Amino acid sequence: MTTLSQQQCERFWKDGFIRLEKVATVSETKDLRTIGDRLLRNKAGYAQGLLFDFYPESADAEKPKLAQLHQPSHFERSLMESALARRAQRIAMQLLGPKARFVSDSFFHKPAHTEAVTPWHQDEAFTDPRIEHREVNFWFPLQPVSLENGCMQFIAGSHLGPVLPHGPIGGDPTTHGLECASGFEAEEAVVCPLELGDCTIHYGRTLHFAGPNHSDASRYAYSLVFGLPRRASREVRTFPWNDNRRLSREDRVQESRASGSFWPYLYRKVREFDYANPYEWRLGAKRVARLIKQR
Ligand SMILES: O=C(O)CCC(=O)C(=O)O
């Protein structure tokens with residue numbers, strides 16, 4: 001599957017998500033699994049705060065309940081240059097238009113026999129409310145997924161409403177993960193089991209969840225996010241759950257930038273900068289002004 005039919009595009013915009021078959025080849029998912037396994041085993045990104053637990057990071061950092069490695073393509077260039085990433089981008093362009101570009105990727109790992117769920121959330125709840133994010137997220141399981149090992153579930157049409165109130169998991173301000181507790185009916189969830197090579201795509205505002213992993217094996221997933229150029233939000237809104245957070249991973253981000261990782265970080269920012277978007281220049285100028293003020 002390399003292109004969406006008109007009917008599939010319409011279904012995506014009606015429901016806020018879609019389930020697609022055979023987007024990746026089995027060999028592509030096996031390669032992804034090998035890469036993800038290696039990066040997670042080597043703790044790639046931990047020092048930079050890119051590898052973290054969605055749940056409160058316990059003293060036993062060896063055993064995250066739901067590990068997320070954000071931007072694995074920073075460590076494994078081939079991920080962004082793959083035929084799969086290009087295929088996904090073509091589909092993203094069908095949904096969002098020709099300006100859709102790569103935003104980020106992530107590996108997720110949920111260990112065997114865990115009750116830990118990926119709580120109900122909207123990806124947009126993690127963002128700055130002053131900025132409008134128009135993004136689509138491709139989620140590829142790296143083994144077949146069902147209710148038993150934590151497949152994705154969605155609330156159809158939830159992307160048409162507002163960003164609902166969220167809070168950090170368990171009310172712990174050091175936790176990366178957010179959960180949405182109200183404003184929807186979890187019983188209405190659409191469960192999306194998938195075979196190897198299949199994926200779901202959801203919009204950044206669509207409510208989603210993945211259940212516990214009751215199987216004997218780890219559950220891996222790889223996600224690819226594409227978005228339109230960012231612009232100022234047309235709504236005046238606040239996401240108070242993002243105020244006063246003290247993410248444990250953020251401490252590592254700051255430490256790593258202070259201790260030598262600043263230049264690679266700056267290099268990446270310069271390379272990934274959206275030069276054609278005047279709004280990004282405004283945001284960049286504000287950020288530099290803030291940095292100068294802090295020194
Ligand atoms: O893999 C998971 O359990 C969660 C993935 C997710 O929430 C996402 O990709 O937005």
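Read the numbers this way: they start at 1 and go in the same order the structure lists the ligands and their atoms. Just so we're clear, the structure is a prediction, and the values are computed from it rather than from any experiment.
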Quiz item: Strictly under 6.0 Å, is that where the ring centroids of His176 and Phe126 end up?
Solution: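 Yes; Phe126 has its ring centre under 6.0 Å from that of His176.
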Self-check item: Close aromatic pair by centroid cut-off 6.0 Å: Phe138 and Phe226
Solution: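 That pair passes the under 6.0 Å test.
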Got the closest protein heavy atom to [atom], with its distance?
| atom | result |
| --- | --- |
| atom 2 (C) of ligand 1 | Arg219 NH2, 3.3 Å |
| atom 9 (O) of ligand 1 | Asn137 ND2, 3.3 Å |
| atom 4 (C) of ligand 1 | Thr118 CG2, 3.4 Å |
| atom 10 (O) of ligand 1 | His208 NE2, 3.0 Å |

Quiz item: How are the rings of Phe108 and Phe54 set relative to one another: parallel (under 30°), tilted (30 to 60°) or perpendicular (over 60°)?
Solution: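 Correct class here is perpendicular.
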Quiz item: Do Glu235 and Ser233 have side-chain atoms, one donor and one acceptor, less than 3.5 Å apart?
Solution: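 Per modelled atom types, Glu235 and Ser233 side chains form no pair under 3.5 Å.
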Quiz item: Can you tell which of Lys110, Gln68, Lys65 makes a side-chain hydrogen bond (donor to acceptor under 3.5 Å, both in side chains) with Thr118?
Solution: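 The residue from Lys110, Gln68, Lys65 that satisfies side-chain hydrogen bond (donor to acceptor under 3.5 Å, both in side chains) with Thr118 turns out to be Lys110.
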Quiz item: Quick one: does His208's side chain get under 4.5 Å of Asp123's, heavy atoms only?
Solution: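 Yes, their side chains come closer than 4.5 Å.
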Self-check item: Phe107 side chain reached by Ile35 side chain, heavy atoms, under 4.5 Å
Solution: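 Yes, at least one pair of side-chain atoms sits under 4.5 Å.
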Practice problem: Compare Trp120, Tyr222, Trp139, Phe209 and give the one whose heavy atom is closest to atom 5 (C) of ligand 1. | Solution: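 Result: the heavy atom closest to atom 5 (C) of ligand 1 is in Trp139.
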Numbering as shown, the atoms of ligand 1 that approach [X] to under 4.0 Å (heavy-atom distance):
| X | answer |
| --- | --- |
| Asp123 | 10 (O) |
| His202 | 10 (O) |
| Ala210 | 3 (O) |

Self-check item: Proximity flag Gln68 to ligand 1, non-hydrogen atoms under 4.0 Å
Solution: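 So Gln68 does not count as touching ligand 1.
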